[in-house]
Amino acid sequence: MTSQTVRVRFAPSPTGYLHLGGARTALYNYLFARHEGGRFVLRIEDTDRTRYHPEALPDLLMGLRWLGLWWDEGPEIGGEYGPYYQSDRVHLYREYAEQLLREGRAYRCYCSAERLASQRARQREDDDHGGATGTPGYDRHCRYLTAKQIADYEAQGIRPVIRLAVPLEGVTEFDDLLRGHIAVQNEQLDDLVLLKSDGFPTYHLANVVDDHLMAITHILRGDEWLASVPKHVLLYRAFGWEMPVQVHLPTILDPSGKGKLSKRKKKTADGKELLTYIHEFRQKGYLPEAMVNFLALVGWSYDAEHEFFGRDELIRVFDLTRVSKSPGAFSYDKLDYMNAAYIRGLGQNDLAGRLLPILRESGLDADIDSVLAFVPHIQERIKVLSEASEWIDFAYVDDLSYDAGELLQKRLTPQQAAVALEAAAAALEALPEYSETAIEAALRAQAEASGLKAREFFGAVRVAATGKAVAPPLFGSLAILGQARTVRRLKAAIAALAALG
RNA sequence: GCCGCAUUCGUCUAGUGGCCUAGGACACCUCCCUCUCAAGGAGGAGAUCGGGGGUUCGACUCCCCCAUGCGGUACCA
């Protein structure tokens, strides 16, 4: 066990889109595999036919690829341990379930869903009245059926499930790499279903069989699975297999730190929507490299000082023993901060190239040259790519509609503003060369002559030219806008001021 | 109810018995820079380490109890 190569797997079920928690689990598996020079396997756990969602799988694969978490074996690329869809492996699970049946370690159960439900309800009642022992789950009604009873059920045509016959006494124990030794009384375990009546396996059976058959050495998964590990231990023992190393990752909490960050849509206290699906982050304009860096830090840390890590660096320093045991909140603020930092670190051509499709999608008739021209001015101002359109959309429309109040910033009178804009328009119109430096020189001279404060003068010009009180740096923006359009807008603004009185 | 896991500034965390009068980061506040907004720079505020008992010369660090939170308790994963 010491010298075998590390094999880990990410095993999502195609019941929903790739979300933060899943991506984090996938990332840790990926980083661990790469760090150890091992293999990263992707396995699709599509054993729940009722919750199957056709769009989930493509979303999962695309999300992983966008994050750069390429799998070594799995869907679309195959591998020597396939197939990698559990729905293609049902015959295996059946064989193993029947083996346990033959050995008397499992039994057929004919109980109806109704009987199970009412039994559960009764159990809850007892609990609420302080009765019972707290022994959970199925009452083992079918574990001790006589041959005749079985024959009767079969005659009725009931399709049974197969349940594991869990030891009634004793203790089941295991070690988790992060949490240490964990022991559970067997009386706390119920006779779990291994094979459903539709012939598909439950997670418990399929996961144990596949992890063994696929030679998985380490299981890294969310800690919501911790409670079912004892059941898995029983299965490994029943089959005589060695159990992979267990590593249960801490839950990701919502930003308040109070509740689990679920895949369901959640809102912040002030009603802001929280993104949870990976494709939502992509659409909003988070960089995959920032997502990977940040996700790595949700539940893991390197030391007290460092938190910016490129992919290769992460692979080099990632260490399972430094994974945190306690649940951590997902801080959207810090993600924004980190994404902004990554955006600032991008080359200008790179950033322009990433911006263009997003701007086009948002309806702007943008071209690569003008976007590239804007990049130096907005690069340090945007936290996510999609924000760029709010900054530069003024350059892609014909006419502006002015908000009268905004034209009169800083308590300028309409007359003062009009005079300032007249001067600016005249100066700009007279410019032989419409460059950023020429514009700045001309405008600064006019600002000086106007007697207004710089912020008042430039503020008026800014609103007139862009329609915004907050915009990218003025002189550069005007240069990109072009002489004709700038002058036209200044004059339109003067007219609007005149109408104002 | 029962079982399991967790508990350091608002948030993410560093910390593995003395280096901690607890360090860093995000967010927040002030100032500087400045054509707006950012970015950047300089400061500031913010944690009696969930509570209570032990162990020890000494505990954020080890042990026990309690509280709280989260997870599980499905023919879902």
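To find a chain, count down the sequence lines: A is the first, B the second, and so on, and within it residues start at 1.
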Between CG of A:L249 and P of B:rC5 the distance, given in whole Å, is 17 Å

Whether the A:Y85 and A:E45 side chains hold a donor-acceptor pair (N or O, under 3.5 Å, no angle test) is what I'd like checked. no

Between B:rG4 and B:rG44 - P atom distance, rounded Å: 47 Å

Inset, instruction - Write down the distance separating the C1' atoms in B:rU55 and B:rC29, rounded off to the nearest Å. - result: 44 Å

Side-chain atoms of A:Q188 come closest, of B:rC3, B:rA77, B:rU11, to B:rC3

### Task
Please work out if A:P201 contacts a base, only the sugar-phosphate, or nothing of the nucleic acid, heavy-atom cut-off 4.0 Å.
sugar-phosphate

A:Q185 CD to B:rG72 P, in whole Å, measures 22 Å

- Distance check: side-chain N/O of A:Y337 vs OP1/OP2 of B:rC26, anything under 4.0 Å? yes

Rounded to whole Å, CG of A:D191 lies from C1' of B:rA74 at a distance of 14 Å

salt_bridge(A:D393, A:K468) N-O dist < 4.0 Å: yes

Among the nucleotides B:rG72, B:rU36, B:rG24, whichever has the atom closest to the side chain of A:R462 is B:rU36

- Query: Just checking A:G299: base, sugar-phosphate only, or nothing, at a heavy-atom cut-off of under 4.0 Å?
  - Reply: sugar-phosphate

Among B:rC76, B:rC5, B:rU13, the one nearest any side-chain atom of A:T202 is B:rC76

Report task. Pick the P atom in B:rU73 and in B:rU30, then give their distance to the nearest Å. Result -> 50 Å

The Watson-Crick or G-U wobble partner of B:rC5, with both key distances under 3.5 Å, is B:rG69

NZ/NE/NH1/NH2 to OD/OE distance under 4.0 Å, A:D319 and A:R322: no

inquiry  = Taking B:rG51 as the reference, what is the distance to B:rA67 when you measure between their P atoms (whole Å, please)?
reply    = 15 Å

In this structure, CG of A:L195 is separated from CG of A:L205 (nearest 0.5 Å) by 6.5 Å

Between CZ of A:F458 and P of B:rU34 the distance, given in whole Å, is 13 Å

* Tell me whether the OP1 or OP2 atom of B:rG40 has a side-chain N or O from A:R344 closer than 4.0 Å. => yes

- Task: Look at all strands and tell whether A:A471 reaches a base, only sugar-phosphate, or nothing, counting heavy atoms closer than 4.0 Å.
- Result: base

**Asked** Would you say a side-chain N or O of A:R455 is under 4.0 Å from OP1 or OP2 of B:rU36?
**Response** yes

- Query: Just checking A:V193: base, sugar-phosphate only, or nothing, at a heavy-atom cut-off of under 4.0 Å?
  - Reply: sugar-phosphate

The residue, A:H181 or A:E307, whose nearest nucleotide of RNA chain B is more 5′ is A:H181

(Q) What's A:C111 touching, base or sugar-phosphate or nothing? Going by heavy atoms closer than 4.0 Å. (A) base

B:rC32 and B:rC70: how far apart are their P atoms, nearest whole angstrom? 45 Å

Exercise. Rounded to whole angstrom, note down the P distance from B:rC62 over to B:rG72.
Key: 28 Å

Query raised in the report: For atom C1', what is the distance between B:rG1 and B:rG46, given to the nearest Å?
Result: 40 Å

Would you say the ring centroid of A:F330 lies under 6.0 angstrom from that of A:F294? yes

| said: Within the structure provided, determine whether A:M291 and A:L20 are in side-chain contact (heavy-atom separation under 4.5 Å). | reply: yes

Does one side chain, of A:E55 or A:Y17, offer a donor that lies under 3.5 Å from an acceptor on the other? yes

Applying the 3.5 Å cut-off to both distances, the Watson-Crick or G-U partner of B:rG40 turns out to be B:rC32

By the Watson-Crick or G-U definition, both distances under 3.5 Å, B:rA25 is matched with B:rU11

Please determine if a side-chain N or O atom of A:R322 lies less than 4.0 Å away from the OP1 or OP2 oxygen of B:rG15. yes

When rounded to whole Å, the CG to C1' distance for the pair A:L443 and B:rC35 reads 9 Å

Looking only at B:rU36, B:rA77, B:rG4, the nucleotide nearest the A:V184 side chain is B:rG4

Once hydrogens and angles are ignored, does a donor-acceptor distance under 3.5 Å link the base of B:rC75 to the side chain of A:S197? yes

- Would one find a side-chain N or O of A:R163 under 4.0 angstrom from OP1 or OP2 of B:rC75? yes

Here the distance between atom C1' of B:rC75 and atom CD of A:E45, to the nearest Å, is 17 Å

Of the candidates B:rC35, B:rA6, B:rG23, the side chain of A:E305 sits closest to B:rG23

Spacing of the P atoms in B:rC49 and B:rC57 (rounded, Å):
22 Å

May I ask you to verify if any side-chain N or O of A:T251 is less than 4.0 angstrom from the OP1 or OP2 atom of B:rG71? no

Check your understanding: Contact class for A:P250 (heavy atom, under 4.0 Å): base, sugar-phosphate, or nothing?
Key -> nothing

* Given B:rC76, is OP1 or OP2 found less than 4.0 Å from the side-chain N or O atoms of A:K196? -> yes

Per nearest nucleotide of RNA chain B, the residue lying toward the 5' end, A:L178 or A:P160, is A:L178

| said: Classify A:L226 by what it touches in the nucleic acid, base, sugar-phosphate, or nothing, heavy-atom distance under 4.0 Å. | reply: sugar-phosphate

Thinking salt bridges, do A:E440 and A:R444 make one under a 4.0 Å N-O criterion?
yes

Quiz item: Could A:K334 and A:E307 be called an ion pair, given the rule that one side-chain N must be under 4.0 Å from one carboxylate O?
Solution: yes

When rounded to whole Å, the OH to C1' distance for the pair A:Y138 and B:rU73 reads 17 Å

Q) So does A:R444 get a side-chain nitrogen or oxygen closer than 4.0 Å to the phosphate oxygens (OP1/OP2) of B:rC35? A) yes

A:K325 atom NZ is separated from B:rA14 atom C1', nearest whole Å, by 15 Å

Regarding the side chain of A:S326, the nearest nucleotide among B:rU7, B:rC76, B:rC35 is B:rU7

For A:F200, report the nucleic acid contact type (base, sugar-phosphate, nothing); a contact means any heavy atom under 4.0 Å.
nothing

pair_partner(B:rC62), Watson-Crick or wobble, both distances < 3.5 Å, evaluates to B:rG54

Picking from B:rC75, B:rC35, B:rC26, the nucleotide nearest the side-chain atoms of A:D333 would be B:rC26

Of the candidates B:rU11, B:rA38, B:rA77, the side chain of A:D48 sits closest to B:rA77

**Asked** Between A:T47 and B:rC76, is there a side-chain N or O to OP1/OP2 distance below 4.0 Å?
**Response** no

Do A:R115 and A:D139 meet the salt-bridge criterion of a basic N to acidic O distance under 4.0 Å? yes

